[in-house]
Each structure stands twice: as structure tokens, then as C-alpha cells.
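Order of listing sets the numbers, starting from 1, for every ligand and every atom in it. Because only heavy atoms are used, hydrogens play no part in the values below, and waters and symmetry mates are left out as well, while side chains stay in.
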Amino acid sequence: MSDHSPKDQMSIVIVGHVDHGKSTVIGRLMADTGSLPDGKLEQVRAMCKSNARPFEYAFLMDALKNEQAQGITIDTARCFFNTKKRHYIIIDAPGHIEFLKNMITGASRAEAAFLVIDANEGIKENSKRHGYMVSMLGIKQVSILVNKMDLVDYSQERFDSIVQDYTAFLGRLGVEPTSFIPISAFEGENITEASIEMPWYTGHHVLAQVDDFNKSAEPTERPFRMPVQDIYKFTAEGDDRRIVAGSIDTGTVHIGDGVRFLPSGKTSKIKSIECFNADPMTQAHAGQSNGFTLDTEIYIQRGELMVRDDEPPPQVSTRFKANLFWMGHAPMLMNTSYKLKLGAARAPVKLVDIVHVLDASELSTATHKKQIDRHDVAECILEVPKPIAFDLVSEIESTGRLVIVDNFEIAGAGIILESVSDDASTLKDYISEREAAWHKSEISAAERGASYRHGSKFILIIGSETNYKTELGTALEKKLFYRNFKSYYLGMAHMMNAMRSEQQLNREDIIRRLGELARILTDSGQIFISSIAGIDEYDIKILRQLNEPNDILVVNVSDFAYESDEIGLRLTADTPVNEAVDAICDVLKKQQVMEYYL
Ligand code: GTP
Ligand code: MG
């Protein structure tokens, strides 16, 4: 296995109704390609003989399974075999629900599927259900093995009628089958060589089909996506940089690449690529776990999606349409909170609409349902309270899959079909709604200004020196207050520090509350002063918007050269506090906040 590069590997899943011959197909394929461990076949034959049971190729699978299980935990049986062309992993998917869970959580990723149908029994409900699931999982190559042809005298009519019926079924799903192959797994017909029993069939035998499946695009060739797993503080050089860590789902990234974090929208450049126990690298790609340092100090959160600025962006929304397979014992109810896992993001999620529920075996649809029952497949609209970044499964599979947890158990698994516009959720829309709904005071800002002898202002002191900021904020408040200005100081630095250590607490919420508070206090005509740490340009923009139409003055007291148009006054933490207070008052005078005083 180790002498194969990932390019030469392919996973194929084998599905089908119970007893239609999945394990026999695999056993036969392994035996006929000489892929079994030495002596295994003889051992199983001998075991059957001593138990007076007929030999079954399916027993080989059990024998292999037990062997593999000693080394590693396996949830679906997996077998490995090689052809000249590639290295194959065949996944035997006995219970379709477990299989689906594994597929969606990425435990196994098949690029092609074999669907086995017993020629004698014909199309059964799981033949259909599995066909549906394979298509739902985005596996585009499906070859149908019409098995046990020996039981129907290798009848071409029987084969043709199954081909016709099943093609019609797949057509309704929009799936075009790769091929139909008439086989007898038990007799070894059309497995690794053309069958003499079925001269009427001229297509591929199973082994030829295996090599004829196409590789899907390598994950490294897709747009770059890395869910942020963690942010580590990096103090080796006595500075305040952070390492953004995660494992790369798709794509490639290099030092110097412009990157963007979503949903926050913050941007920066890759400064270095760190690797655990290895030398720093100049590029990193899908499948690797890395840490990145960035050119600028920005605050991002676990669960954000890191993407490259020069590549197609993912979706960002609070609502999306998903195809969801529900496995929970209790049904999924509307407007009830569940937990969503999407990449590294975790969020509460609600079912807000059911487009339709599908009975996968009959492909009949119900549009009237108000809940999703166990084993239903539903096309539905899900909603999260805050925007989340994702891809459509048709574009990038790994970031287009989701899992829903109910009571600590995976209850639903799904794929994202499209983003649904979330009218009320963007900040702008929220603010205009807020402004419209707000019954404003009948006293105008000018009247207040004339009475108070000054205008209002939101003064925000930023920088990393907590004590200095607090001293400055309180001193400024006092000076203004004792000169009869309406001033009020609220220090937030400790609050932000506490939050940063507790990553669960949400910074955005605090920023939002501060912005709302500023809006109210400045509307009341006051000079509202606050100091805060761990804030960046994006946060300031949010505060500015929330405080509009009133003004904000950002005072930076950090030694850290933080270039931003948002900053109105730059001081350093070694400026004596009284001088800093005077410098701020000078700006206020220039901006005519104190015109009545002068
Ligand atoms: P589950 O794992 O239980 O879902 O079944 P499966 O799909 O893996 O079927 P399995 O391979 O265990 O085969 C079921 C039965 O069908 C066994 O008794 C096989 O010997 C028999 N069988 C499989 N392929 C053929 C075939 O080509 N011809 C005949 N006559 N019997 C077959
Ligand atoms: Mg089986």
C-alpha cells in the first residue's frame, strides 16, 4: 500500500439488497486477482468442509474482517487489491445507515459504486434505496452488477428487463449508470474475464470496469479550504502572533498567498507555514495538518473557514437547502434546536421548512409533512443563528457535507444543495430594521448639543496595554465630567481577555452589544468612552456601523504599528496619561464636539 501515491488509489463501495451477493462479488474478485493472503482460500475451504457446509466466497470476507479488526477498528469491511493500473479499496457496506453515516462524516470516501441486483429476485426496495443514497452522496459513477445470472440460465431477456427498469429508476434521480454487467459471482462469470456463458454480452467484465472508472479531480486541485480547528498563541519571539491551525480539506496554499476567513470576512497573508515536529514549509496542501502565521494581527475564531483570496469563494449564509437523511429515533421537528457540525464549525441549527420528504425505495414524495421521521430523506431548509461558511456539495464535497447531532448522537447526515438568501441576517439589514423599528426621541441632537454645550461621541481606546488604557479612559472621563460634559467610561479590556481564554464565549456578541450601547449613549448626547483589547479593523467597522449616524473616534495606544484608516489618533503607551487626555481633547475640539465650550 505504501508504494502507491494517492493518485493511484481509488475507493469503490459495493451496495445492494440483502443476499444479492455483494460479499461474494468481492470474495471472487479478490480470489481471482490473487489478492488474498497466501493460504486463505484453502483455509476457508477446509473450514467449510470440516463444518460440512458448502464453500462460500462471502466467508472469505468474514475471515478477512476478523483479521483486520485485530489491528484497527473498522466499521465497514474494507478490502484491498491491486491491478496494474491502480490500488483499490473496496468497501463492503452491509448496513446502509452505518455506511451513510461513514460516508457523510468522511470516514470513507468512495469515488465509484457497484450496485448488486439479484437477477432471479429482481429489483428490491434496497436496490432502489441504495441507488438513491449513492446518488445523494455525490458518487457519480455507478455500475450495476446483475448477479446470479446462473439462476436464470444466463438469460439475456431477464438481464435486459432489469436494465430497462433500473435505468428508468435512476433516470428519475438524474443518474446515468456507468454500465450494467451480467455476472455470476458464484461461478466466476464476467468477473475477471469475459463469460463464455453469455456471448451476447460484449461490455466490460467487473475487473475491466474497475480500471475503467475515472478518478475524480484530486483534492489538491480544488480551491483551498481549511476549517480552523484552533488558534494558538505564539510567544517564542516575545510577540503576540497567533498560529491558525487545522487540517486542509482541499487545495494548496503558499507563503505570501492572500487568505480570507469566513464568515467573518477578515483577510491577511500567509507569513509562515508551521508543521509539527518538522521544518517550516513554503506550501501546504490537502490532507496535511498545519499551522499558519499571518502577516497581520487579526482575530479569528475556531470554526471559521480559511480560503484563498484568488480562488472561488465558498457560500456564506444563515440559511441553506439540504438533502438530509434522518437516522434519529425521535423525528426531527420544526423550530427545535439541534446541533450542526459542518467542517470545524459547530452551531445550533433549526429546521425551518420541509420542501419534500422522499420515500427512497418508492421515490414517492410527500410535501405535506411537518417533521422528518426516522429513515426519511428530506429536502429541507435549515437555519443557523449566525452566518456560516460552506460549499455546495456539487462544488466541493468535503465542505458541502453536514451532520446533525441530537442528544449527543448523530441523528442526521446531509449534503448542501444551495444557499438560501438570508434577508434579515446581515448586519446592514439588521441595522436598518433596528433604526426603522426604533421610536426615536423627539428631542434633536442639535437641541441636546445646545443644552449640554457639546456634541456626542463614541471614543474607543484600543491597544494591548490594558492598565494604561483603563487609566486613560478614566482620566478622560473625569476631565470631561468635571468640565460639565456628559461623559461615561466603560472599560471592556478585561472582558475581552476573559473571552479570549474561553473560546466558547462569542466575541462578536460582545462587540455587537458594545456597538448597540454606543448607539444609545451617543444618541442621548453623551461622550461615551470605552477601552477594549483584541480588536481589529473588521471589528471597528462593525462598531462604526452599529453606532451610525453618530461618530466614533478610535484612539490607538499600542506600540504595535497598526495601520488602519479607522484610527483617528495614534498614541503610544509611554505617553503620560495627562498628555494623552489633552491630545484626545484636542481632536474633539478640532472635530467641533466641544464648539460650545470654546
Ligand atoms: P448481505 O451481506 O447479507 O447483505 O449479503 P450479500 O449481498 O453480501 O450476499 P452474499 O455474497 O453473502 O451472498 C448471499 C447468497 O447468495 C450466498 O449464499 C451466495 O452463495 C449466493 N450467491 C452469491 N452470488 C451468487 C451467484 O452468482 N449465483 C448463485 N447461484 N448464488 C450466489
Ligand atoms: Mg455481505
Visitor: Flag Leu151 as yes when one of its N or O atoms lies below 3.5 Å from any N or O atom of ligand 1, and as no otherwise.
Guide: no
Visitor: For Ala58, which part has a heavy atom under 4.0 Å from ligand 1: side chain, backbone, both, or neither?
Guide: side chain
Visitor: Would you indicate which of Asp150, Val146, Asp19, Val25 comes nearest to atom 5 (O) of ligand 1 when only heavy atoms are counted?
Guide: Asp19
Visitor: Distance alone, cut at 3.5 Å: any donor-acceptor contact between the side chains of Ser184 and Asn147?
Guide: no
Visitor: Taking heavy atoms and a distance under 4.0 Å, where does Met149 meet ligand 1: side chain, backbone, both or neither?
Guide: neither
Visitor: Could you label the plane-to-plane angle of the Tyr57 and Phe55 rings as parallel, tilted or perpendicular, counting under 30° as parallel and over 60° as perpendicular?
Guide: perpendicular
Visitor: How long is the gap from CE on Met198 to CD on Gln156, to the nearest 0.5 Å?
Guide: 11.0 Å
Visitor: Ring-plane angle category for His87 and Phe80, please: parallel below 30°, perpendicular beyond 60°, tilted otherwise.
Guide: parallel
Visitor: Got an N/O contact under 3.5 Å between Ile183 and ligand 1?
Guide: no
Visitor: What about the rings of Tyr154 and Trp200, do their centers lie closer together than 6.0 Å?
Guide: no
Visitor: If you measure from atom 15 (C) of ligand 1 to every heavy atom of Lys148, Lys22, His20, which option wins on shortest distance?
Guide: Lys148
Visitor: For atom 17 (C) of ligand 1, which of the options Glu187, Glu189, Glu121, Glu56 provides the nearest non-hydrogen atom?
Guide: Glu56
Visitor: With the threshold set at 4.0 Å, does a side-chain nitrogen-carboxylate oxygen contact exist between Asp118 and Lys124?
Guide: no
Visitor: Looking only at side-chain N and O atoms, does Ser195 offer a donor or acceptor that is under 3.5 Å from a partner on Asn190?
Guide: no
Visitor: Is Ser23 close enough to the Mg ion (ligand 2) to have an N, O or S atom under 2.8 Å?
Guide: yes
Visitor: If you measure from atom 11 (O) of ligand 1 to every heavy atom of Thr24, Val18, Val116, Val15, which option wins on shortest distance?
Guide: Thr24
